[in-house]
Number of protein chains: 2
Amino acid sequence: MTHDGRRLRGSRSREAILERTVSLASVEGLDGLSLGRLAAATGTSKSGFFAHWRDKEQLQLDAVEWAARQWTELVVAPALRAPAGVRRLFALHEARLKFYSDGVLPGGCFFFAVHAEFDDRPGPVHDRIARAMRDWLKFVRRQVDEAVALGELAGSTDPAQLAYEIDALGEMVVPHSRLHEGQAVFAHARRAVLQRLRALCPHPDLLPED
Amino acid sequence: MTHDGRRLRGSRSREAILERTVSLASVEGLDGLSLGRLAAATGTSKSGFFAHWRDKEQLQLDAVEWAARQWTELVVAPALRAPAGVRRLFALHEARLKFYSDGVLPGGCFFFAVHAEFDDRPGPVHDRIARAMRDWLKFVRRQVDEAVALGELAGSTDPAQLAYEIDALGEMVVPHSRLHEGQAVFAHARRAVLQRLRALCPHPDLLPED
DNA sequence: GAGATATACAAACGATCGGTCGTTAATGTA
DNA sequence: TACATTAACGACCGATCGTTTGTATATCTC
């Protein structure tokens, strides 16, 4: 085969493998996934990985990076198109729910699967995952702060408290939607946050009624 | 050694192994935990397991059973000592939080760790886990129903909706408490459910103020 | 065009995986 | 007392794990 653009082809297959890794890891985790099965799933050889990554841990770290970028593109970015304040906060929640209900990842959420796995296992992968999730929660909290500053949420609002509630109500959709088929869980998660925000909002008409 | 009570000794070590299994599985999952490491942790030999269980799957099934029993004893039973209605509902939430903050299991929650693992992996273990979690949610929902019937929650309350909220706000304490050290997360989870219940309750004085 | 570099592979490594086999010793049953 | 059962073990099995090595070929650099 001529003209396969060695360097380009390399980064192409690198990206393809990472996408597949994140996808599979959302189902079986980053450590539960073995190189052998990953090779079979990507149509490559096991030893081929070591041309791209020093060891499995490097692949895992890059996979976390890739998943974080995907989350930013498909959840954070769309929400940023809504006007700052309580509407953006709710848009963020809805974008997340859409990410789950669209079935972007077969396991629902990469970070949910992977965090339970590396929860109590120290190391660089644990640290990278923890950082990503802390950044996410900080981002949610910043949206709360902004909404308070804009007078769109009661001044008595505890930002850390509300950020926890929004994250918890959104994240638990992942296991629940797998437990009880049907989209009732999505409605519950959406309504819970919506009613909570409306109750705190001096101008509830900024948000949909239901 | 004389008089070691063969039969009794068997069920003793059986229980001891199960307790250790549930404990370790709350950290690394049921499948992530290998028989070799489990043998080392219990001070027995790998092959000794097969005197008690046909294969690893049987051990996993018994471990789920054991964890469910532990949950009933340490969370459900204490809550049932509170008077039925909204107070029992909140007692249930608090008993769960106490289970987590007491560090009964080193990984926080057996079912959290294990559900993420068997989420999308069909089989008897998956089914047993799903049943346990469905039973739990049904139980929470029954407490909501009872509180509504007693007139301690507004008649407009959607039981499935509220049950989801309570479960989500309680369960997500597990990953969050590992992410940000400190007991702030416990306070958030407690206050979130408390304020939600007080808002729905015609007699808020049934519940603590804060 | 020569030499370094990068992609990708098959084959094989030691370690560990879940599981089997045969054995020993103590217990329960007759 | 005779015999089946049970707990527990060490040794070992084939399979798979993450990883190393060596090789072939195509691309980039000079």
Side-chain angles (χ1 to χ4, degrees), chain A residues 1-21 24-25 27-64 114 117-118 121-126, chain B residues 1-21 24-25 27-64 114 117-118 121-126:
Chain A
M1 186 190 297
T2 66
H3 256 310
D4 68 348
R6 216 61 171 186
R7 217 128 198 178
L8 177 64
R9 189 158 81 109
S11 72
R12 285 271 168 98
S13 61
R14 202 182 125 96
E15 287 293 309
I17 289 175
L18 281 176
E19 179 179 357
R20 204 95 176 98
T21 303
L24 290 177
V27 175
E28 7 186 2
L30 265 178
D31 228 58
L33 179 61
S34 79
L35 294 184
R37 261 176 297 132
L38 186 55
T42 54
T44 63
S45 72
K46 224 172 41 160
S47 54
F49 290 124
F50 297 89
H52 297 285
W53 297 279
R54 198 183 321 129
D55 51 24
K56 194 185 184 184
E57 190 176 271
Q58 287 298 319
L59 170 62
Q60 291 173 329
L61 286 170
D62 275 7
V64 177
V114 140
E117 212 179 5
F118 285 87
R121 195 179 322 180
V125 182
H126 167 275
Chain B
M1 188 189 297
T2 65
H3 257 310
D4 68 348
R6 217 58 170 187
R7 216 127 197 180
L8 177 64
R9 187 159 81 110
S11 73
R12 284 271 168 97
S13 61
R14 202 182 125 97
E15 287 293 309
I17 289 174
L18 281 176
E19 179 180 357
R20 204 95 175 99
T21 303
L24 289 177
V27 176
E28 7 186 1
L30 265 178
D31 229 58
L33 180 61
S34 81
L35 294 183
R37 260 176 298 133
L38 184 55
T42 55
T44 63
S45 73
K46 220 172 46 161
S47 55
F49 289 124
F50 297 91
H52 298 285
W53 297 278
R54 199 183 320 131
D55 51 24
K56 194 186 184 184
E57 190 176 89
Q58 288 297 319
L59 170 61
Q60 292 174 329
L61 285 170
D62 275 7
V64 177
V114 142
E117 211 179 6
F118 285 87
R121 196 181 323 182
V125 182
H126 167 275

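Below, chains carry the letters A, B, ... as their sequence lines are ordered, and counting in each starts from 1. Worth saying up front: this structure is predicted, and the values here are computed from it rather than measured.
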To the nearest Å, how far apart are [X] [atom1] and [N] [atom2]?
{"X": "Arg12(B)", "N": "dT6(D)", "atom1": "CZ", "atom2": "P", "answer": "19 Å"}
{"X": "Glu15(B)", "N": "dA7(D)", "atom1": "CD", "atom2": "C1'", "answer": "16 Å"}
{"X": "Leu35(B)", "N": "dT16(C)", "atom1": "CG", "atom2": "P", "answer": "15 Å"}
{"X": "Gln58(B)", "N": "dG18(C)", "atom1": "CD", "atom2": "P", "answer": "16 Å"}
{"X": "Asp55(A)", "N": "dT20(D)", "atom1": "CG", "atom2": "P", "answer": "8 Å"}
{"X": "Asp31(B)", "N": "dT16(C)", "atom1": "CG", "atom2": "C1'", "answer": "15 Å"}
{"X": "Leu59(B)", "N": "dC17(C)", "atom1": "CG", "atom2": "P", "answer": "14 Å"}
{"X": "Trp53(A)", "N": "dT7(C)", "atom1": "CH2", "atom2": "P", "answer": "10 Å"}

Per-nucleotide protein contact string for nucleotides 9-16 of chain D, where B marks a base within reach and S marks sugar-phosphate only (heavy atoms under 4.0 Å, - for neither):
BBB-----
Please name the pair of heavy atoms, one in Ala41(B) and one in Leu24(B), separated by the smallest distance, quoted to 0.1 Å.
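That would be CB-CD1, 3.7 Å.
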Just checking Phe49(B): base, sugar-phosphate only, or nothing, at a heavy-atom cut-off of under 4.0 Å?
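No contact.
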Restricting to side chain to side chain contact (heavy atoms under 4.5 Å, CB included), what partner residues turn up for [X], sequence neighbours left out?
{"X": "Thr42(A)", "answer": "Ile17(A), Arg20(A), Leu38(A), Thr44(A), Phe49(A)"}
{"X": "Gln58(A)", "answer": "Trp53(A), Arg54(A), Asp55(A), Leu61(A)"}
{"X": "Ala63(A)", "answer": "Leu18(A), Thr21(A), Val22(A), Leu30(A)"}
{"X": "Asp31(B)", "answer": "Lys56(B), Gln60(B), Glu117(B), Phe118(B), Arg121(B)"}

Give every residue pair that meets the salt bridge (Lys or Arg N to Asp or Glu O under 4.0 Å) criterion with at least one member in residues 33-51 of chain A, sequence neighbours excluded.
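Those involving residues 33-51 of chain A are Glu28(A)-Arg37(A).
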Should His52(B) and Asp62(B) be marked as a side-chain contact (heavy atoms from CB on, under 4.5 Å) after you check the CA-CA gap, both sets of side-chain angles, and the distance that decides it?
CA-CA 11 Å; His52(B) 298 285; Asp62(B) 275 7; over 6 Å; no
Would you kindly compare Leu33(B) and Ala51(A) by the position of their nearest DNA chain C nucleotide and give the one closer to the 5′ end?
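Going by which nucleotide is closer to the 5' end, it is Ala51(A).
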Any side-chain N or O of His52(A) below 4.0 angstrom from OP1/OP2 of dA6(C)?
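Indeed not, no polar side-chain atom of His52(A) lies that close.
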